[in-house]
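Bear in mind the structure is a predicted one, so any value in this text is a computation, not a measurement.
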Amino acid sequence: MSIYQKFFNETVDENGKLIDLEVHYPENFNFGYDVIDEIAAKTPDKRALVWCNTQGEEHIFSFSDISRESNRVANVLLAAGVKRGDRVMLALKRHYEYWFTVIALHKIGAIMVPVTHMLTPDDIIYRLEAAKINAIICTTQNDVPEHMMEAVQRTGMDCKLWTLKEGVEGFACLNTAAKQAPDTLERQETLATDPIAIYFTSGTTEQPKGVIHDFAYPLAHFVTAKYWQGTKDGGLHFTVSETGWAKSSWGKLYGQWLNECAVMVYDFDNFEPKQMANIIRKYGVTSFCAPPTIYRYMTRKASLDFPALEHASTAGEYMSPDIFEKFKEATGLDVREGYGQTETALLLANFIGAPSKDGALGIPSAQYHIELRNEDGELAKDEEIGEIVVVPKNGQHPIGVLCGYLDDEVRYKKVWRGGVFHTGDAIYRDKDGYYWFHGRFDDIIKSGGYRIGPYEIEEVLMKHPAVLECSVIGVPDKLRGQAIKAIVVLAPGYTASKELDRELRDFCNSQLAEYKWLRIIEFTEAMDKTISGKIKKAEQRRAEEARS
């Protein structure tokens, strides 16, 4: 029996599509003990983690390795006074120690607070103070220890500090201490309702929000991994994500190991398409998930000969139709899109066992009761813009949906108003039951009495070869209320000009209804983005309002 069958009863149709899922787990469920240690006891040599870096270093860890090494780290933390409920900031990039440390934190009931290594000292200070951090474990690379120390000193906070190598002033070495610690651990008391993680969102419209998940959260990614990403027992799954973001938990940890599928980790700083393609080939990756940007560069610059690859998926941003087509032509595989938020697990996807529609977010997950509601709170009709909401089944809080915002009960009540979880995303459903992204409600443009999603205009504009990147916003307009403006980064070989401005507007507007016509184009060298790579549309809008 696979480990996941202890927690799930699946119902699938004749095509293998999941149509119903029952979830059951003990009140003290703990992923570290009840999944990792159980797999290690049953099949100790089963491959769990395949790790390599750009310097040619390679390590392969079994589930028994993960179990033992996480016990060692747990013992180090316990001896230092880190306890259940303490908040531990992790800035470990893609180093393999991240996986030991996360499982160790789960085992002792401490709360992980993953962050990207790209944070500035000011960014770190915001997170230290917001999350009331008790300890920090970080990489030695990219000046991270120096930034962490500066932030700690400026706040005056008393944090325990570890890094991964000896000789960093002010920091103890986690690896040295772990080597000397016992590799056994008595089970610590935790509850499924305890907080397990705090993820900070990208902060596209305001300061990043702290999203709190509980110890049941790992179970929510079983569907993510098996029925969207296509992981399998004995397979090797590769999600391209740094560990500072929730996407890492979606694709590099919980669902994959619930399916007893090994995780492929490539530790790199600068993305190089040919190198990544070589990793997929060399290690026999069976399932792959990456943002559209990765696919875009790989289809242009790398060989897509992947004999072992069986499934491909994507999420997070727009992917143009030609990329879907090029990847399928080269590999025979659909790239299956999916949708969810930091606050949730996977909500919509082009699931395995059902036809995949390029560009569509897919259909609702059988794990949730999902509705599309219009402005009046009523069920939206096909082709009508609405908001995705999650409705509790049988009055039970849905697993994988946040259990709180950090010190912000008002915001939490707002997203749960009316007894349902509001995503805030504008989406519509086609006649086949597939859902399509329209935009964030905050980003909706109101022009001439029409409500227009910037995404649909960006989708058209991105088809032009001169457009490398674009962002569509509404700007003040006396006649229409708002006019539609595109901010454009040009592809190499193109130069901004009046002629190109006219060409792009004609190209775009010839494919759009008149009320959606693009009126203004601004060429720029680069977009202002969050550290997770999301364009700061709110700042673009504020800049326009200041000019008017």
Side-chain angles (χ1 to χ4, degrees), residues 12-18 47 50 223-241 247 250-252 255-256 259-266 271-339 346 348-363 365 430 432-437 459 462-463 465:
V12 299
D13 67 12
E14 65 277 7
N15 298 313
K17 174 189 168 187
L18 183 69
R47 187 176 63 167
V50 178
V223 172
T224 307
K226 184 175 181 181
Y227 290 99
W228 174 48
Q229 294 171 340
T231 62
K232 64 180 184 179
D233 191 337
L236 181 62
H237 178 76
F238 185 10
T239 281
V240 181
S241 172
K247 187 63 165 60
W250 284 49
K252 302 169 90 80
Q256 294 69 38
N259 279 292
E260 301 184 46
C261 178
V263 172
M264 178 77 228
V265 179
Y266 176 40
F271 168 59
E272 208 293 313
K274 291 181 180 178
Q275 282 185 330
M276 186 160 290
N278 287 338
I279 295 296
I280 297 171
R281 268 191 299 276
K282 176 181 177 181
Y283 290 98
V285 168
T286 56
S287 51
F288 180 66
C289 186
T293 301
I294 299 291
Y295 284 100
R296 190 178 302 126
Y297 280 101
M298 285 177 62
T299 54
R300 291 177 181 175
K301 298 184 178 182
S303 167
L304 301 180
D305 178 23
F306 305 137
L309 192 65
E310 299 173 354
H311 296 283
S313 49
T314 192
E317 60 187 72
Y318 171 70
M319 184 154 136
S320 58
D322 65 304
I323 305 302
F324 285 104
E325 293 165 8
K326 288 178 182 176
F327 192 85
K328 185 167 186 175
E329 182 180 346
T331 65
L333 301 175
D334 289 312
V335 181
R336 295 177 176 267
E337 282 202 70
Y339 161 82
L346 184 72
L348 305 169
N350 287 272
F351 287 104
I352 291 167
S356 182
K357 273 196 178 186
D358 292 351
L361 300 179
I363 58 178
S365 168
D430 66 20
D432 297 323
Y434 283 72
Y435 291 68
W436 298 77
F437 189 68
E459 183 177 3
M462 284 295 293
K463 295 176 183 176

Between Val285 and Phe306, does a side-chain contact (heavy atoms from CB on, under 4.5 Å) hold up when you go through it step by step? CA-CA 8 Å; Val285 168; Phe306 305 137; over 6 Å; no
Minimum heavy-atom distance [X]-[Y], with the two atoms named:
{"X": "Ser313", "Y": "Val335", "value": "C-CG1, 4.0 Å"}
{"X": "Ala315", "Y": "Gly338", "value": "CB-O, 3.4 Å"}
{"X": "Thr239", "Y": "Lys252", "value": "O-NZ, 2.8 Å"}
{"X": "Arg281", "Y": "Asn278", "value": "NH2-OD1, 2.6 Å"}
{"X": "Lys274", "Y": "Glu272", "value": "N-OE1, 2.9 Å"}
{"X": "Gly235", "Y": "Arg47", "value": "O-NH2, 3.7 Å"}

Find out whether [X] and [Y] are in side-chain contact, i.e. whether some heavy atom of one side chain is under 4.5 Å from a heavy atom of the other.
{"X": "Ile280", "Y": "Phe238", "answer": "yes"}
{"X": "Ile363", "Y": "Lys17", "answer": "yes"}
{"X": "Lys357", "Y": "Asp432", "answer": "yes"}
{"X": "Val223", "Y": "Leu18", "answer": "yes"}
{"X": "Trp436", "Y": "Asp430", "answer": "yes"}
{"X": "Tyr227", "Y": "Ser365", "answer": "no"}
{"X": "His311", "Y": "Lys232", "answer": "no"}
{"X": "Tyr434", "Y": "Glu337", "answer": "no"}

Checking side-chain polar atoms at under 3.5 Å, does Asp305 have a donor or acceptor matched by the opposite partner on Ser303?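 Looking only at side-chain atoms, Ser303 and Asp305 do not form any donor-acceptor pair under 3.5 Å.
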[atom1]/[X] to [atom2]/[Y] distance, rounded to the nearest 0.5 angstrom?
{"X": "Cys289", "Y": "Gln256", "atom1": "SG", "atom2": "CD", "result": "9.0 Å"}
{"X": "Thr224", "Y": "Lys247", "atom1": "OG1", "atom2": "NZ", "result": "9.0 Å"}
{"X": "Ile352", "Y": "Asp334", "atom1": "CD1", "atom2": "CG", "result": "10.5 Å"}
{"X": "Tyr435", "Y": "Leu361", "atom1": "OH", "atom2": "CG", "result": "10.5 Å"}
{"X": "Glu310", "Y": "Leu236", "atom1": "CD", "atom2": "CG", "result": "11.0 Å"}
{"X": "Thr314", "Y": "Gln229", "atom1": "OG1", "atom2": "CD", "result": "11.0 Å"}

For Phe437 and Tyr339, take the angle between the two ring planes, folded into 0 to 90°, and tell me which bin it lands in: parallel under 30, tilted 30 to 60, perpendicular over 60.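 Plane angle between 30° and 60°, so tilted.
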Suppose we screen for ring pair (Phe, Tyr, Trp, His ring centres under 6.0 Å). Which residues come up paired with Tyr295, at least two apart in sequence or across chains?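 Applying ring pair (Phe, Tyr, Trp, His ring centres under 6.0 Å) to Tyr295 gives Phe288, Phe327.
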Could you tell me which residues satisfy ring pair (Phe, Tyr, Trp, His ring centres under 6.0 Å) with Tyr283, sequence neighbours excluded, listed by chain and number?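 Ring pair (Phe, Tyr, Trp, His ring centres under 6.0 Å) check on Tyr283 returns nothing, list empty.
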Using a 6.0 Å cut-off, check whether atom NZ of Lys463 has over 12 heavy atoms from anything other than its own residue.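 Yes, enclosed.
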Any donor-acceptor N/O pair, Thr231 side chain to Ala225 backbone, under 3.5 Å: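 Checked: pair present.
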Donor-acceptor contact below 3.5 Å, side chain Arg336 vs main chain Asn350: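 Such a contact is found between Arg336 side chain and Asn350 backbone.
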Under the side-chain contact (heavy atoms from CB on, under 4.5 Å) rule, what do Met276 and Tyr297 come out as? Steps first, then yes or no, please. CA-CA 10 Å; Met276 186 160 290; Tyr297 280 101; over 6 Å; no
